[in-house]
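In what follows, a structure is listed as structure tokens, so that the remarks can point back to it.
Just so you know, these numbers use all the heavy atoms, side chains as well, and skip hydrogens, waters and symmetry mates. Letters go in sequence order (proteins before strands), and every chain restarts at 1.
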Amino acid sequence: MDIWTMGNRYLAQLSHTSFARAVHAHILTSGFKPFPLIINRLIDHYCKSFNIPYARYLFDKIPKPDIVAATTMLSAYSAAGNIKLAHQLFNATPMSIRDTVSYNAMITAFSHSHDGHAALQLFVQMKRLGFVPDPFTFSSVLGALSLIADEETHCQQLHCEVFKWGALSVPSVLNALMSCYVSCASSPLVNSCVLMAAARKLFDEAPPGRRDEPAWTTIIAGYVRNDDLVAARELLEGMTDHIAVAWNAMISGYVHRGFYEEAFDLLRRMHSLGIQLDEYTYTSVISAASNAGLFNIGRQVHAYVLRTVVQPSGHFVLSVNNALITLYTRCGKLVEARRVFDKMPVKDLVSWNAILSGCVNARRIEEANSIFREMPVRSLLTWTVMISGLAQNGFGEEGLKLFNQMKLEGLEPCDYAYAGAIASCSVLGSLDNGQQLHSQIIQLGHDSSLSVGNALITMYSRCGLVEAADTVFLTMPYVDSVSWNAMIAALAQHGHGVQAIQLYEKMLKEDILPDRITFLTILSACSHAGLVKEGRHYFDTMRVCYGITPEEDHYSRLIDLLCRAGMFSEAKNVTESMPFEPGAPIWEALLAGCWIHGNMELGIQAADRLLELMPQQDGTYISLSNMYAALGQWDEVARVRKLMRERGVKKEPGCSWIEVENMVHVFLVDDAVHPEVHAVYRYLEQLVHEMRKLGYVPDTKFVLHDMESEQKEYALSTHSEKLAVVYGIMKLPLGATIRVFKNLRICGDCHNAFKYISKVVDREIIVRDRKRFHHFRNGECSCSNYW
DNA sequence: GTAGGGTTAG
């Protein structure tokens, strides 16, 4: 036996890297020449054990270019996702030694890097240079063509060529061609029926022996992808032996289209027919359970999988784990989700994104933040989830910051990311930023996006421009119930109760079904506008006409409506008729109504209940002490304040802000921080002088401390909303609307004062507080003092 | 030395 054969036999037995290294070392140190065959074996070995740099080192040692080695290397680079190095290597391969196999490998490499056009070009080039395509070539190039999938003619051209070369008799080519038709069929640019029919014809006309498992699967999955579940099911039922992959495709098709019962049904049949369930089956079924809200079924599957199919490593496959994370986050079991996530030996982007969006949806924004920071890789979705999560939880500044950071890192935000950024502007009331984003959105062509439109409606509304919100709503190409809800809410918050109701009626006429949010909104609208009769009517229709069971939030809005109208006995009746014990939202609504109507007795009762339920909520202590102060019961005021101190409850400081020239200026109560605050105080003094001439009297009822009346007046003059409004008058161009935002509810004296100010300086003043908007113009407020 | 079928996240 010669040394070549011997070396080759040794190497054929190689299974261990260290042994390969030993052979390699021997070749290097002993004088024996690096025979190409042995070197190639070694390169192959190192590539397979993912030591590509080592393989390359050997490759570069070969004195004469070798096409087999080059192809091995090329494929290794491609498998590792490094198309650049693969292409470089291919280009460096001398034309004289290239062969069909090397072209095939390069075409596949392009295809795997999702560059269908490059693959197709190379195919054309190789034919021009006289290389003869083989079945491998066709399979590869058809795979690449599936990526382009924008024209019917491409498939047909290649179909002709395949036919010409007689390659249709090769199952892999037949399958690749069918798969190509199927992929092209899902493109919106083609007539998918024609292409599906072509794929089906290929399938039907192939002799049964040529229709192997991939063939069945391709055609069945093809129908699934192209939304013909009936055809897919028919074929599935017609199969003599049951191929798990095809069944899995069918199940996932049902799940995608929302036919969860059918999906579970198939699962049961698979099980009873003895078809091997695998990780794909479980992944689909678990995700069916989470989409359908059937959490118990999902957990049963989890338990079953735990009992039966533990992997050798003791863990599930990645995709099963990912589906489980989603299942548990959707049913609010974040601890369970976290347990699955933490135990995973390997996590991918999907796992991270799933747990991140789980935390965001559970409003655990700090946990989400640390997950976001920990993530090894982030996708567009990651950023989007985080940005909109921050905005939804009131962190507008952080949301915008993250959006900018995303762009700095060179990522192109998608429409969802823009929607998140706009939502951040809604929180901040930053109209300048919001408008800039809006113009970028138009430039980028994202303005037809539903989520962007919905975010814009809310942004314009929350920045005080309810007309602009309306324009967006009217010009959106498609709207959904979220858009309607947003627009109704916009009208409601700005005090246009009647218009809000009209819009709601219009929504019903257009056959859009109201949901639980719609009713929350419409009840608020009635409450803000004092429309008691209407509010009660809508509340009643909820269950009767739309089958929506009123929740505590709905009841609290109804009670709010009644109490604001002074109908306390009716409110009491509602409370007693509720199918559950009144919780904090109910007592809050009662308390607010009592304060407006001076119903101190009931108000104090409500506040006492609230103190029991939510002892850490500062607002209750303030309201309670306000009520005692109004009654002149200073001992009680002192008692409440002492209680607050003892329990370590801090009053959330009043804070208002205004945007001037793209900068947000923040004022705190009794502010001494803002650089221009002294000028603001001086100007306010002048204004008050003018206002008094028109009849303004400071209303010291709104000061809780027991102090002299002069001090009380001073205390009123330091309210943050006054400072912000005055700053706006000083800084904004003449005639410009003043838009001020406050974290708490507006104070009664400030409300009164702004009416006078709007008259004195002849300006429109818009104040957004925690609950709604106040438009002051010419001595009046849009809320008609009803808030 | 090269090729064809399925699953998960807003």
Any idea which of [options] is nearest the [X] side chain?
{"X": "A:I243", "options": "B:dG5, B:dG4, B:dT8", "result": "B:dG5"}
{"X": "A:T326", "options": "B:dA9, B:dT7, B:dG10", "result": "B:dA9"}
{"X": "A:V68", "options": "B:dA3, B:dG10, B:dG1", "result": "B:dG1"}
{"X": "A:S139", "options": "B:dG4, B:dT2, B:dG1", "result": "B:dG4"}
{"X": "A:F136", "options": "B:dG4, B:dT2, B:dG10", "result": "B:dT2"}

Send over the distance from [X] [atom1] to [N] [atom2], rounded to a whole Å.
{"X": "A:D415", "N": "B:dG10", "atom1": "CG", "atom2": "P", "result": "15 Å"}
{"X": "A:M106", "N": "B:dA3", "atom1": "CE", "atom2": "C1'", "result": "15 Å"}
{"X": "A:N291", "N": "B:dT7", "atom1": "CG", "atom2": "C1'", "result": "13 Å"}
{"X": "A:L89", "N": "B:dG1", "atom1": "CG", "atom2": "P", "result": "16 Å"}

Subject >> Option among A:N454, A:T458, A:D515, A:D480 that satisfies the side-chain hydrogen bond (donor to acceptor under 3.5 Å, both in side chains) test with A:N485 >> reply: A:D515
**OP:** Would you mind classifying the nucleic acid contact of A:C47 as base, sugar-phosphate or nothing, using non-hydrogen atoms under 4.0 angstrom?
**Re:** nothing
Subject >> Flag if over 12 foreign heavy atoms under 6.0 Å of NE2, A:H242 >> reply: yes
Subject >> Check ion pair A:K127-A:E161 (N to O, under 4.0 angstrom) >> reply: yes
Original post:
Does A:S111 reach the main-chain N or O of A:I107 with its side chain, forming a donor-acceptor pair under 3.5 Å?
Top reply: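 Not at all, since once roles are kept as given, no pair shorter than 3.5 Å links the two residues.
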